[in-house]
Amino acid sequence: MFKEEMLKGRAIFITGGGTGLGKSMALRLAGLGAQLFVVGRREEPLRETCEEIRRAGGAAGYAICDVRDYDAVESAASAAVRQFGRIDTLINCAAGNFMARTEKLSPNAFNAVVGIVLNGTFHCTQVFGQRWIAAKQPGNILNIVTTYAAANCGSGFVVPSACAKAGVLAMTTSLAVEWAKYRIRLNAIAPGPFPTEGAWSRLMPSKQFEEHAIEKHPMKRFGRHEELANLAAFLLSDMAEYINGECVVIDGAQWLRGAGEFNDLLVLSESAWEAMEAARVKK
Ligand code: HXC
Ligand code: NAP
């Protein structure tokens, strides 16, 4: 569906690009011709991502950067612009999350997650937004949120993340309107469960819980990284030029499964349905 050089000429700055879904997006977008600048706190995964991109013939660079630190984001943005001449696309993918009973959380625990997800996204958005506006240059921003933000329902046991991701979604829709006149567009992707070391180690309590999650899933499987990376490629491409302020859920209908009042009827067997249908009194 995608032309090989669909993103040729694009220079993308991605936070959290050294691991998990960020890395998968970075590799895919580089494969479509974009130059990639990846940031995160640990050097090793960033270096590995860049090496993989270069081995495949692409262009990549990285900077160690904690997105909670505005000055560090400024420096990383300058390094990226020095390397590629410009950055035209930002993907806010860095996140922090963990399961906890909210009444046990310390203020620092709440701040750690909100600092990465909400403040970090604002820092990167502001740094590039200001540069693009000053240079009269168009820009493209993609924010990775979660279904519990998109569905406007929140989620117990991940309250700092739910609050922060909802904030990121509000930032996406607000700025899509405010900055459209500068030809800056913003969209979001809300992934359901996609296995990654980062998420699974913090949010999948046991093998049993994982099996339960698959069993309850309407499609009986988790997401595949290439499915999300392809969606990101489309949303960032010129084919999606008129899509602005949108949040696309990619979860195989997982959150809808939990929302519909009668969806638990999925567990009824064929014979149970047949017995009910046979017992129905015809008027
Ligand atoms: C309660 C916790 C905690 C936990 C940390 N804290 N883990 N509290 N339960 N499990 C508290 C600490 O005690 C401390 O508070 C405060 O949080 C800060 O902890 P640090 O370890 O000093 O923070 P830091 O090194 O900045 O690390 C941030 C982090 C960590 C968020 C805590 O997990 C991290 O680096 N995460 C990055 C990667 C990540 O989370 N990936 C998953 C994304 S998945 P005190 O008061 O003791 O000082 C995702 C998708 C969800 O978002 C949907 C899946 C389907
Ligand atoms: P992940 O591999 O843990 O990704 C998180 C990334 O953020 C890491 O590369 C991490 O690198 C970086 N990061 C964390 N704190 C940072 C900070 N302060 N400054 C800079 N970078 C920081 O987990 P993932 O599952 O791929 O998650 C990627 C995105 O998808 C996140 O936004 C997450 O909320 C979202 N998501 C994932 C799922 C899922 O099922 N996997 C579902 C819904 C949404 P360092 O630790 O080196 O800094």
Side-chain angles (χ1 to χ4, degrees), residues 13-27 38-49 62-70 72-73 76 91-124 142-151 154-155 157-169 188-205 209-210 213-214 217 221-225 227-229 231-232 247-252 254-255 258:
F13 185 101
I14 177 166
T15 68
T19 66
L21 296 176
K23 179 176 184 175
S24 297
M25 282 190 280
L27 294 174
V38 293
V39 302
R41 293 166 302 176
R42 289 166 297 149
E43 182 165 19
E44 200 45 38
L46 299 172
R47 192 170 41 221
E48 278 169 20
T49 301
Y62 72 87
I64 297 164
C65 166
D66 187 327
V67 294
R68 289 174 282 196
D69 176 350
Y70 188 85
V73 173
I91 304 178
N92 286 303
C93 183
N97 204 350
F98 48 73
M99 295 170 300
R101 289 174 291 173
T102 306
E103 66 274 22
K104 306 272 182 194
L105 284 179
S106 70
N108 200 28
F110 186 83
N111 288 339
V113 172
V114 173
I116 300 168
V117 175
L118 183 55
N119 296 9
T121 298
F122 176 72
H123 291 158
C124 297
L142 182 62
N143 293 327
I144 308 303
V145 294
T146 52
T147 51
Y148 47 77
S155 176
F157 308 105
V158 287
V159 164
S161 169
C163 296
K165 294 286 191 183
V168 171
L169 199 52
I189 291 178
F194 284 73
T196 65
E197 162 64 24
W200 256 229
S201 64
R202 293 176 177 88
L203 298 158
M204 198 56 87
F209 196 86
E210 183 173 3
I214 291 181
H217 195 290
R221 71 167 175 90
F222 296 134
R224 300 181 185 121
H225 284 215
E227 293 172 324
L228 184 129
L231 174 60
C247 178
V248 181
V249 172
I250 177 165
D251 75 339
Q254 189 218 32
W255 87 262

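From a predicted model like this one, the values you see are computed outputs, not experimental measurements. Whatever order the structure lists them in is the order used to number ligands and atoms, beginning at 1.
- Residue contact check: R68 has heavy atoms under 4.0 Å from atoms 26 (O) of ligand 1.
- In summary, the atoms of ligand 1 found under 4.0 Å from a heavy atom of G96, numbered by their order in the structure, are 31 (C), 36 (N), 37 (C), 39 (C), 40 (O).
- Of all the atoms in ligand 1, the ones that sit under 4.0 Å from a non-hydrogen atom of A109 are 8 (N), 11 (C), 15 (O), 16 (C), 17 (O).
- Contacts between S106 and ligand 1 below 4.0 angstrom, taking non-hydrogen atoms only, involve the side chain exclusively.
- A donor-acceptor distance shorter than 3.5 angstrom exists from the side chain of T15 to the backbone of A94, with no hydrogens or angles considered.
- At the top of the distance list for atom 28 (C) of ligand 1, counting protein heavy atoms only, stands I116 CD1, 4.1 Å.
- At a 4.0 Å heavy-atom cut-off, ligand 2 touches C65 through the backbone alone.
- Contacts between T196 and ligand 2 below 4.0 angstrom, taking non-hydrogen atoms only, involve the side chain exclusively.
- The protein atom (non-hydrogen) at minimum distance from atom 10 (C) of ligand 2 is R42 NH2, 4.3 Å.
- Polar contact with ligand 2: present for R41 (N/O pair, distance under 3.5 Å).
- Under a 4.0 angstrom heavy-atom cut-off, P193 registers as being in contact with ligand 2.
- Near A95, with a cut-off below 4.0 Å to any heavy atom, the atoms of ligand 1 are 37 (C), 38 (C), 39 (C), 40 (O), 41 (N).
- Put simply, atom 33 (O) of ligand 1 has protein non-hydrogen atoms near it, under 4.0 Å away.
- Heavy-atom separations between K165 and ligand 2 include at least one value shorter than 4.0 Å.
- In this structure, T15 falls outside the shell of residues with a heavy atom less than 4.0 angstrom from ligand 2.
- Protein heavy atom at the shortest distance from atom 41 (N) of ligand 2 is F194 O, 2.9 Å.
- Taking distance alone, with nitrogen or oxygen atoms compared against 3.5 Å, K165 stays at or beyond that limit from ligand 1.
- In this structure, P45 falls outside the shell of residues with a heavy atom less than 4.0 angstrom from ligand 2.
- When non-hydrogen atoms are compared, ligand 1 lies under 4.0 Å from neither the backbone nor the side chain of E197.
- Of all protein heavy atoms, the one lying nearest to atom 30 (O) of ligand 2 is I144 CG2, 3.4 Å.
- Contacts between L46 and ligand 2, counted as non-hydrogen atom pairs separated by less than 4.0 Å, are absent for every part of the residue.
- Under the side chain to side chain donor-acceptor pair (under 3.5 Å) test applied with S24, the options H225, E227, R224 reduce to a single match, H225.
- Atom numbering of ligand 1 starts at 1 in the shown order; those under 4.0 Å from a heavy atom of R41 are 26 (O), 27 (O), 34 (C), 35 (O), 37 (C).
- Looking at M204 against ligand 1, nothing comes within 4.0 Å, counting heavy atoms.
- The closest approach between any non-hydrogen atom of Y148 and ligand 1 is below 4.0 Å.
- Not close to ligand 2: G96, with no non-hydrogen atom less than 4.0 angstrom away.
- Counting heavy atoms from C-beta on, the side chains of P205 and M99 come closer than 4.5 Å.
- Across C124, A149, A94, G223, heavy-atom proximity to atom 13 (N) of ligand 2 is greatest for A94.
- Among protein heavy atoms, the minimum distance from atom 14 (C) of ligand 1 is reached at N108 ND2, 4.0 Å.
- S161 does not count as a contact of ligand 1, since none of its heavy atoms falls under 4.0 Å from the ligand.
- For T147, the heavy-atom gap to ligand 2 stays at 4.0 angstrom or more.
- The protein heavy-atom contact nearest to atom 29 (C) of ligand 2 is C93 O, 3.4 Å.
- With a heavy-atom cut-off of 4.0 Å, L203 touches ligand 1 through its side chain alone.
- Less than 4.0 angstrom separates atom 27 (O) of ligand 2 from none of the non-hydrogen atoms of the protein.
- P193 CA, 4.2 Å is the protein heavy atom nearest to atom 55 (C) of ligand 1.
- Nearest protein heavy-atom neighbour of atom 12 (C) of ligand 2: G16 CA, 3.8 Å.
- Here the heavy atom of the protein found nearest to atom 43 (C) of ligand 2 is P191 O, 3.2 Å.
- When hydrogens are left out, the protein atom nearest atom 4 (C) of ligand 1 is F98 CD1, 3.4 Å; that is the closest non-hydrogen contact.
- Of the heavy atoms in K104, none comes closer than 4.0 Å to ligand 1.
- Residue contacts with ligand 2, taken as heavy atom pairs separated by less than 4.0 Å, involve V67 via backbone and side-chain atoms alike.
- The nearest heavy-atom contact from the protein to atom 37 (C) of ligand 2 is L21 CD1, 3.7 Å.
- Under the side chain to side chain contact (heavy atoms under 4.5 Å, CB included) rule, F98 has a single partner from V158, L203, V113, which is V113.
- Under the 4.0 Å distance rule, the nearest protein heavy atom to atom 9 (N) of ligand 1 falls inside the cut-off.
- Between the CG atom of D66 and the CD1 atom of I116 there is a distance of 7.0 Å, given to the nearest 0.5 Å.
- Between T19 and ligand 2, at least one pair of N/O atoms sits closer than 3.5 Å.
- Atom 19 (O) of ligand 1 has as its closest protein heavy atom A112 CB, 4.7 Å.
- For atom 42 (C) of ligand 2, the nearest protein heavy atom (residue, atom name, distance) is G192 O, 3.2 Å.
- In this structure, of A190, A95, G115, the residue bringing a heavy atom nearest to atom 14 (C) of ligand 2 is A95.
- Of the protein's non-hydrogen atoms, the one nearest atom 43 (C) of ligand 1 is N97 CB, 4.1 Å.
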